[in-house]
Amino acid sequence: MPTEATVMEALQTVEDPELNRSVVDLQMVKSVVVNDRFIRVTVALPSPEYPRRAELRDRVSAALGAMGSVAIDLAVMTEAEQKALVGRLQPTGAGGQRENPFTTARTRVLAVASGKGGVGKSSVTTNLSIALAQAGFSVAAVDADVWGFSMPRMLGIDRPPVVIDTLIVPPAAHGVKLVSMGFFAREDQPVIWRGPMLHKALEQFLTDVWWGEPEFLVVDMPPGTGDVSLSMAQFLPRAEVVVVTTPQPAAQRVAQRAAYMAQKVNLTVTGVIENMSWFRGDDGKAYEIFGRGGGQELADALGVPLLGQVPLVPDLREGGDVGRPIVVEDPANEASVAFTEIARRLHQDLAPKRVYRKELRIV
Ligand SMILES: Nc1ncnc2c1ncn2[C@@H]1O[C@H](COP(=O)(O)OP(=O)(O)OP(=O)(O)O)[C@@H](O)[C@H]1O
Ligand SMILES: [Mg+2]
C-alpha cells in the first residue's frame, strides 16, 4: 500500500506545466491523504487564473495512477504563498527591486531590426526564434514593437501570461516564450505609451518576467531609432543587431540608417538577413520580384556577413496570420530551410568567443 512518503516521492517527478519545476519543489502540494480506498491529493495553483489545470491534473494522476485510485483537489495559493513562491523563483535585490537578467546573464540577445517597416522583421523574429528552439536551445522572445505588435498572432499565442503576485510567467509556443505588449492591450485599441511610462513598461518586460535564463533572447525591434530602440539598447547592452532588409539595390540609404541606429544605441551588428529574395513559380524558376543584391550590398556596407536569404512564400504569410509558423508547418519548405540555416550560422559560426562573467565586468 502507498504511503504519504511514496506519494510525495512520485509527485516529485511531476512538473508544473507553466513553471517547468517539480510541484513538490514549488510547494504546490498542500496535502496528501492515503487510506485503503484512495489517495487524495490537494494541489494549490500559483494563481487564480491558472490556465493549464487540466494538464496539471493529468500529470498528477498519471504519476499516481499505478498506486491506486486517485482524487485530485485543486486549490489556489494564498497571497502570502504566492509572494513566497515568487521570492523563491526570482529573488529581489536589497531594495526589493528585481534585476534585469540580460545585462550579465549568459543569454545571447539578438535584436532584429530594420531600416524601414514592412520588410518582414516580425516574421523573421518568429521563425528564427523557433528555428533556434528546434536546434535544441532554450529561447525567449520579446515583441518590442509596442505599437505594431504582431508576434502573439504569428506564434499562435492567444492567452495572456499568468501573473503570480508580481511575476509574469510568459506563455510559450513552439518552444518559444513570449512577452508582448499585445498581452496587455487590445488589438483594436491603439496603445498610447509615451516617454517614461514606455521606458518603464519595457523594463518590466525584462525584469518582472520569469525567463529562467534562456540561451537566446530574440527581440522584435520597432523600426527606427525612437524611444523604444533607445530604451531596449539601454536594457540590453550586449545585444547583437540582426538587420532585415529586402533585395532592392537601394540598400545604401537603408544601410546608413541601420548602421546609424546601431551606432547611436551603441550595439554591434552581427549580420544581415535578406527577406523576400525571390518567388519560386510553379515552373520551378526563381523570380526576383524585388530585384537582387540588396542584402549582400547592405552586409558589405556594414562589414558583416549576409546570414541568409529568405524567399517570398505565400504559406509563410498565411501561416503567420493564423499562428502556424512555416518552420513548424512545413520544415522542408525553402523558406524554412533558410531559417534553419540562419539559426545554425548564428549559433555555430557566429557564436561569441568571449565568455561573459559577471565578476569580470567593467563598471
Ligand atoms: N518571406 C515572406 N514571404 C511571404 N510573405 C512574407 C514574407 N516575409 C514577410 N511576409 C509578409 O509580409 C507582411 C509584413 O511582414 P512582417 O509583419 O513580418 O514585417 P515587419 O517588418 O515586422 O512589419 P512592421 O514594420 O509593420 O512591423 C506580413 O503580412 C508577412 O506575413
Ligand atoms: Mg513587425
Side-chain angles (χ1 to χ4, degrees), residues 110-131 141-157 174 176 178-183 185 187 190-191 193 202 205 218-229 232 241-248 250-251 254 257-258 261 272-282 286-292 294-295 298 306-343:
L110 304 175
V112 180
S114 68
K116 60 175 183 175
V119 296
K121 215 163 20 67
S122 302
S123 305
V124 167
T125 308
T126 301
N127 284 288
L128 179 60
S129 302
I130 299 171
V142 168
D143 185 357
D145 197 344
V146 294
W147 296 282
F149 51 83
S150 48
M151 288 197 67
R153 187 170 37 84
M154 286 187 178
L155 269 173
I157 295 175
H174 313 298
V176 177
L178 176 71
V179 166
S180 167
M181 198 64 95
F183 296 146
E187 203 152 356
V191 187
W193 294 101
L202 289 166
F205 271 21
V218 191
V219 185
D220 186 0
M221 300 285 279
T225 37
D227 291 352
V228 176
S229 303
M232 289 312 278
V241 177
V242 173
V243 184
V244 181
T245 191
T246 46
Q248 286 93 325
V254 184
R257 226 179 291 157
M261 186 213 75
V272 170
I273 297 174
E274 186 184 86
N275 187 30
M276 309 189 189
S277 298
W278 63 82
F279 173 79
R280 196 171 295 283
D282 292 337
Y287 294 90
E288 292 171 320
I289 303 174
F290 296 125
R292 64 178 306 169
L298 175 54
L306 176 64
L307 298 170
Q309 293 173 294
V310 181
L312 190 73
V313 176
D315 283 353
L316 192 156
R317 184 188 58 73
E318 283 156 28
D321 285 348
V322 295
R324 293 169 174 273
I326 194 145
V327 288
V328 176
E329 288 297 303
D330 186 5
N333 186 289
E334 228 182 340
S336 305
V337 172
F339 284 120
T340 304
E341 174 60 12
I342 292 166

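Both ligands and their constituent atoms are indexed starting at 1 by order of listing.
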Among A335, G319, P311, closest by any non-hydrogen atom to atom 2 (C) of ligand 1: P311
One residue to check: D145. Relative to ligand 1, which of side chain, backbone, both or neither has a non-hydrogen atom less than 4.0 Å away? side chain
Which residue holds the protein heavy atom closest to atom 17 (O) of ligand 1, what is that atom called, and what is the gap in Å? M154 CE, 3.7 Å
Do K121 side-chain atoms and D220 backbone N/O form a donor-acceptor pair below 3.5 Å? no
Residue and atom name of the nearest protein heavy atom (relative to atom 20 (P) of ligand 1), distance in Å to one decimal: K121 N, 3.3 Å
With a cut-off of 2.8 Å, does S122 place any N/O/S atom under that distance from the Mg ion (ligand 2)? yes
For atom 29 (O) of ligand 1, the closest protein heavy atom turns out to be R317 CG, 3.5 Å
Heavy-atom closest pair (D143 atom, F205 atom, distance to 0.1 Å) is O-CE2, 3.9 Å
Contact partition for N275 relative to ligand 1, non-hydrogen atoms under 4.0 Å: side chain
Are E288 and S277 close enough, and set up right, to give a side-chain contact (heavy atoms from CB on, under 4.5 Å), and what steps lead you there? CA-CA 6 Å; E288 292 171 320; S277 298; over 6 Å; no
Residue and atom name of the nearest protein heavy atom (relative to atom 3 (N) of ligand 1), distance in Å to one decimal: V313 N, 2.9 Å
Looking at non-hydrogen atoms alone, which of G117, S122, A113, S123 comes nearest to atom 22 (O) of ligand 1? S122
Among non-hydrogen protein atoms, atom 13 (C) of ligand 1 lies closest to M276 CE, 4.9 Å
Exercise: do S336 and D330 side chains pair donor with acceptor under 3.5 Å: no
Looking only at protein heavy atoms, which one is nearest to atom 25 (O) of ligand 1, and how far off is it? G118 N, 2.8 Å
Of all protein heavy atoms, the one nearest atom 15 (O) of ligand 1 is G120 CA, 3.6 Å
Any nitrogen or oxygen of L316 lying under 3.5 Å from a nitrogen or oxygen in ligand 1? Just yes or no. no
Looking at CD1 of I273 and OG1 of T246, how far apart are the two atoms once the value is rounded to the nearest 0.5 Å? 13.0 Å
Is it true that a side-chain atom of N275 and a backbone atom of V119 form a donor plus acceptor pair closer than 3.5 Å? yes
Measure from the side-chain N and O atoms of E274 to the backbone N and O of G295, and report whether any donor-acceptor pair falls under 3.5 Å. yes
Please check if a non-hydrogen protein atom sits closer than 4.0 Å to atom 7 (C) of ligand 1. yes
In terms of heavy-atom contacts, S180 and F149 come closest through OG-CB, 3.6 Å
Distance, nearest 0.5 Å, that separates CZ of R324 from NE2 of H174: 8.5 Å
